[in-house]
Amino acid sequence: SLPEAGSNASSVAENGLWGSKGAMTRGQHYTFEGHLLRRREGLLALRMDGGGTWQLDAPRKMLPLIGQRMKVSGTRAGFDLIDVSGFAPA
């Protein structure tokens with residue numbers, strides 16, 4: 001979570017939540033594993049084993065794979081959005 005006002009934000013940056021140390025920046029390519037879901041909004045999402053969910057800008061051919069464990073690769077396009085470039089069963 002983000003630090004509250006008045007907290008030591010510099011230690012957060014040093015621990016990799018902000019800045020370049022371990023940060024997941026937009027435009028970078030990543031690969032994730034998890035379960036493919038369909039959100040209420042009709043979007044696909046990947047629920048990670050360790051918690052958290054990524055929204056997926058994905059091709060329609062992924063629709064029959066909903067509910068399966070998948071490996072998804074793509075570029076981070078937003079706060080929680082991945083522009084999918086590849087996928088396969090995990």
Side-chain angles (χ1 to χ4, degrees):
S1 65
L2 295 176
E4 294 181 23
S7 70
N8 188 353
S10 63
S11 68
V12 173
E14 291 169 5
N15 289 324
L17 297 176
W18 293 342
S20 62
K21 285 187 176 179
M24 295 185 66
T25 58
R26 290 182 181 150
Q28 293 292 327
H29 190 80
Y30 298 98
T31 299
F32 303 98
E33 285 188 25
H35 285 90
L36 188 63
L37 308 172
R38 180 178 226 158
R39 306 291 291 205
R40 281 182 287 187
E41 305 83 21
L43 299 172
L44 293 178
L46 190 71
R47 184 179 327 150
M48 310 296 291
D49 295 335
T53 302
W54 287 98
Q55 305 300 318
L56 304 176
D57 184 1
R60 289 173 124 355
K61 58 186 171 184
M62 287 185 76
L63 290 173
L65 304 172
I66 292 172
Q68 294 185 32
R69 183 164 168 71
M70 301 293 298
K71 180 182 274 190
V72 175
S73 61
T75 304
R76 185 174 181 194
F79 175 73
D80 65 348
L81 180 65
I82 300 294
D83 184 16
V84 176
S85 60
F87 59 94

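Computed from heavy atoms alone, side chains included, the values below leave out hydrogens, waters and symmetry copies.
Pairs engaging residues 42-52 under the side chain to side chain donor-acceptor pair (under 3.5 Å) rule: D49-R69 [sequence neighbours left out]. Within the structure, ring-ring contact (aromatic ring centres under 6.0 Å, His included) pairs that include any residue of residues 48-73 comprise F32-W54 (at least two apart or interchain).
Among residues two or more places apart in sequence or in another chain, the side chain to side chain contact (heavy atoms under 4.5 Å, CB included) test is passed with R60 by L63. With sequence neighbours excluded, no residue satisfies ring pair (Phe, Tyr, Trp, His ring centres under 6.0 Å) with F87.
Atoms CD and CG, from Q55 and L37 in turn, are 9.5 Å apart once rounded to the nearest 0.5 Å. In this structure, CG in L36 is found 6.5 Å from CG in L46, a value given to the nearest 0.5 Å.
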Using residues 72-84 as the side-chain source, report each donor-acceptor pair under 3.5 Å to any protein atom, sequence neighbours left out, with the distance given to one decimal.
residue: S73; atom: OG; partner: G86; partner atom: O; Å: 3.4
residue: R76; atom: NE; partner: G78; partner atom: O; Å: 3.0
residue: R76; atom: NH1; partner: M24; partner atom: O; Å: 2.1
residue: R76; atom: NH2; partner: F79; partner atom: O; Å: 2.7

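For the residue pair H29 and S85, the shortest heavy atom distance occurs at CE1-OG, 3.2 Å. The two atoms that bring E33 and A90 nearest to each other are OE1-CB, 3.8 Å, heavy atoms only. What you find for T53 and A45 is that their closest heavy atoms are CG2-CB, 3.6 Å. The minimum heavy-atom distance linking K61 with P64 is given by the pair O-CD, 3.3 Å.
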*Please assess L44 against L65 for the test side chain to side chain contact (heavy atoms under 4.5 Å, CB included), listing each intermediate value before the final yes or no.*
CA-CA 10 Å; L44 293 178; L65 304 172; over 6 Å; no
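In the hydrophobic clustering of this structure, M62 groups with M48; members are Ile, Leu, Val, Met, Phe, Trp, Tyr whose side-chain heavy atoms approach within less than 4.5 Å, directly or through other members.
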